[in-house]
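Written out below as structure tokens is the structure these notes cover.
Keep in mind that what you see is a predicted model, and the values were worked out from it rather than measured.
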Amino acid sequence: MTVEETVVAPAKGWDDGFIARRASERGTAREGAMRPLPEAYADLPRPTSYTGDLRVRLDALRELVGLSRTRLEDTTLGEAGRVLDEAAARQRLSSQHTVVAIAGATGSGKSTLFNALAGVAISETGLRRPTTSAPIACSWTDGAAGLLDRLGVPGRLRRRPWQGAGPGDELHGLVLIDLPDHDSAVTAHREQVDRALELVDAVVWVVDPEKYADAALHERYLRPLAGHAEVTFVVLNQVDRLPGDAADQVLDDLRRLLDEDGMALGEHGEPGATVLALSALTGDGVGELREMLGQFVGERGAAARRLAADVDAAADDLRPVYVAEGHPGLDEQAREDFGAGLGEAVGAAAAGEAAEREWRRNAVKACGTPWLRAWRWYEASRAPGGPEPVVEPETEAPESELTARQRVEQAVRTVADEASAGLPGPWAQAVREAAVRGAEELPGALDVLAVEAAGSGRPVRPAWWPSAVLAQVLMTVHQVLGVLWLVGAVCGLLDVSLKTPLLVLLAGTLGGPLVEWACSVAARGPARRYGQETERRLREAAAGCGRAKVLDPISAELLRYREVREQYATVAGLSTTGQ
């Protein structure tokens, strides 16, 4: 009997929805008008619905990828994007089917096991290697066409088991895939295996006593897929070739290797991979595997478990670019230090001292004697440029400007380093770039704000200032009266003693400088306060400019990182405080 003859079972109408309808020769024309609709219309499967924690994690992963597009390279987000695409594709397909792939090395007997589970020689077996050159599917129920289209299984390689599987069959809902050899010398075969392993809901790895420890199997497949233990079966085949208790010894060694791969073993009720020994040729242990597969398929949760494991793997890959060391960010002290550094860069202290001296100088001028002010005016008028000497600030501007710019750059570097300390590489780079962009315009903006802040406040005269001016006026009046009185007395115009006009003249002459000295002493406090106020305004202006140009962009990047970190914590099942 040929393979084609063994796989065709008598059926009415559409036999499986995967291969062409085989109508009986008798009554073809009459039955054609009343034949059932094809599978795509008559037996629509219910789509998969993701609920609970898995749905929350998928939404978080989608949000995470969206927030990270402008910060991370596409290659970094590639696996996460693939998981989201596959999750959307699987959700549109049947939730009543579980796709299980049988994978193994050349000569491991996976095709024999495939046929033993199907109860019919569907997959070709033999000595010629590789025997399986393309994935072959066996579906126990209808409605899996979309799943097999997604896997790229052609219609000519879609089969049904020998006996029809109704709702009471233990494998009802199973779609079994026989994959090519993963160690095939043909590159296309290995590529088919790799692609299928990314799409199926579960995998049965078939190993034999000779190749169960093969490094290619463990390093390329089992170790990277260790997180998928709950949807993994590892079957030690061909135990009929092992004498005595050698099968138990090999099985124990296989468990040891899987443990070294990091794959949890589902023993004693714990979730993990299922490991068992059997002989597909003799049928020993096949019934146990069939029972396990039936229970596994009946739970209808393989697709969600597989997807949850894919999300875990994507989260592990993304951990280096999302999880920070320590608690990065800017504390209040760092912000104050940055503002103080900018204040020093614009010379806030020197500006305050200059304002204090200027206030005292103005106070002395306003409260000085008229004769002294006239003399000062005369001296100033003799100087080149008139009474108001021209100051040439350009003489020291280049050096001071260079020093100020260097201080600004140093302050920006310091605050950027503190803000990015401990951040993953891409986010630390984003913080530094935001600081550098703001620093480009910061020196010019500081110059403008410094001028505005320094010139915005006019000296406020103390309450005693008018009294001091009035006292100087009185002292001047005393001097004038004393002189006139003394002249009148000397010339005999007035009959008075010389002592009285001399005392009046002496009081006015000595009183003016005394009032001026007293005013200069009294002006020290207000002048100091005015200088401090000028320094404070300049420091606040510098800090506000630095906050707008540098700190706010840095804070925006840190806020964006905190958002993606929270989303990543949801994806990875972590708490944001425990990262």
Side-chain angles (χ1 to χ4, degrees), residues 16 45 48 90 94-104 108-123 135-144 147-148 151 153 158-179 196-197 199-207 222 225 228-239 251 254 258 263-267 269-307 309:
D16 59 1
T48 304
R90 185 64 178 89
S94 173
S95 63
Q96 308 303 308
H97 292 81
T98 301
V99 182
V100 179
I102 297 183
S108 61
K110 58 183 179 57
S111 296
T112 304
L113 178 60
F114 179 83
N115 293 335
L117 292 172
V120 60
I122 296 177
S123 185
I136 301 175
C138 180
S139 177
W140 268 252
T141 51
D142 295 338
L147 292 168
L148 295 177
L151 287 167
V153 180
R158 304 180 185 184
R159 304 288 189 266
R160 293 294 297 271
W162 176 252
Q163 296 179 347
D169 188 275
E170 58 183 346
L171 297 183
H172 181 78
L174 173 64
V175 180
L176 198 61
I177 310 293
D178 184 17
L179 297 179
L197 291 178
L199 303 179
V200 297
D201 300 327
V203 183
V204 176
W205 288 100
V206 181
V207 298
L222 295 180
L225 294 175
H228 296 69
E230 293 189 35
V231 291
T232 300
F233 295 79
V234 182
V235 173
L236 177 62
N237 192 20
Q238 303 176 9
V239 294
L251 196 62
L254 175 59
L258 293 175
M263 182 172 291
L265 302 182
E267 299 176 345
E270 296 293 331
T274 301
V275 183
L276 72 158
L278 55 78
S279 174
L281 186 62
T282 64
D284 184 21
V286 175
E288 181 182 1
L289 176 61
R290 183 183 180 91
E291 181 179 353
M292 289 181 177
L293 286 175
Q295 181 179 358
F296 182 79
V297 172
E299 293 174 356
R300 300 289 188 265
R305 286 190 221 170
R306 167 60 197 262
L307 185 55

Assess the residue pair V153 and I136 against the criterion (side chain to side chain contact (heavy atoms under 4.5 Å, CB included)); give the C-alpha distance rounded to whole Å, side-chain angles, the decisive distance to 0.1 Å, and a yes or no. CA-CA 7 Å; V153 180; I136 301 175; over 6 Å; no
Evaluate the side-chain proximity of [Y] to [X]: yes if any heavy-atom separation is below 4.5 Å, no if none is.
X    : Y    : result
V207 : N237 : no
V275 : L251 : yes
R290 : L171 : yes
V203 : V231 : no
I102 : L179 : no
L176 : W140 : yes
N115 : V120 : no
L289 : L113 : yes

Can you name the nearest heavy-atom pair linking [X] to [Y], along with the distance?
X    : Y    : result
V100 : L174 : CG2-CD1, 3.6 Å
A116 : A280 : CB-O, 4.2 Å
S139 : P161 : O-CD, 3.3 Å
P135 : I177 : CB-CG2, 4.0 Å
F114 : C138 : CZ-CB, 3.6 Å
L151 : V99  : CD1-CG1, 3.6 Å

Looking only at atom types and distance, does a side-chain atom of [X] sit under 3.5 Å from a main-chain N or O of [Y], one as donor and one as acceptor?
X    : Y    : answer
T232 : H228 : yes
R300 : H97  : no
Q96  : G173 : no
R306 : V200 : yes

Working note: D201 + R90, criterion salt bridge (charged side-chain N to carboxylate O under 4.0 Å, His left out); need CA distance, chi angles, decisive distance, verdict. CA-CA 10 Å; D201 300 327; R90 185 64 178 89; 3.0 Å; yes
To the closest 0.5 Å, what do you measure between CD (E170) and CZ (F296)? 15.0 Å
Mind checking the CG-CD spacing from L265 to E270? Nearest 0.5 Å is all I need.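 So the CG of L265 and the CD of E270 are separated by 11.0 Å.
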Do R159 and D178 sit within salt-bridge range, that is, some charged N less than 4.0 Å from a carboxylate O?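 Salt bridge absent between R159 and D178.
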Sequence neighbours excluded, every pair satisfying salt bridge (charged side-chain N to carboxylate O under 4.0 Å, His left out) that has a member inside residues 271-289: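 Salt bridge (charged side-chain N to carboxylate O under 4.0 Å, His left out) check on residues 271-289 returns no pairs.
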Is the number of heavy atoms from other residues, nucleotides or ligands under 6.0 Å of E299 CD greater than 12?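 Count over threshold, so yes.
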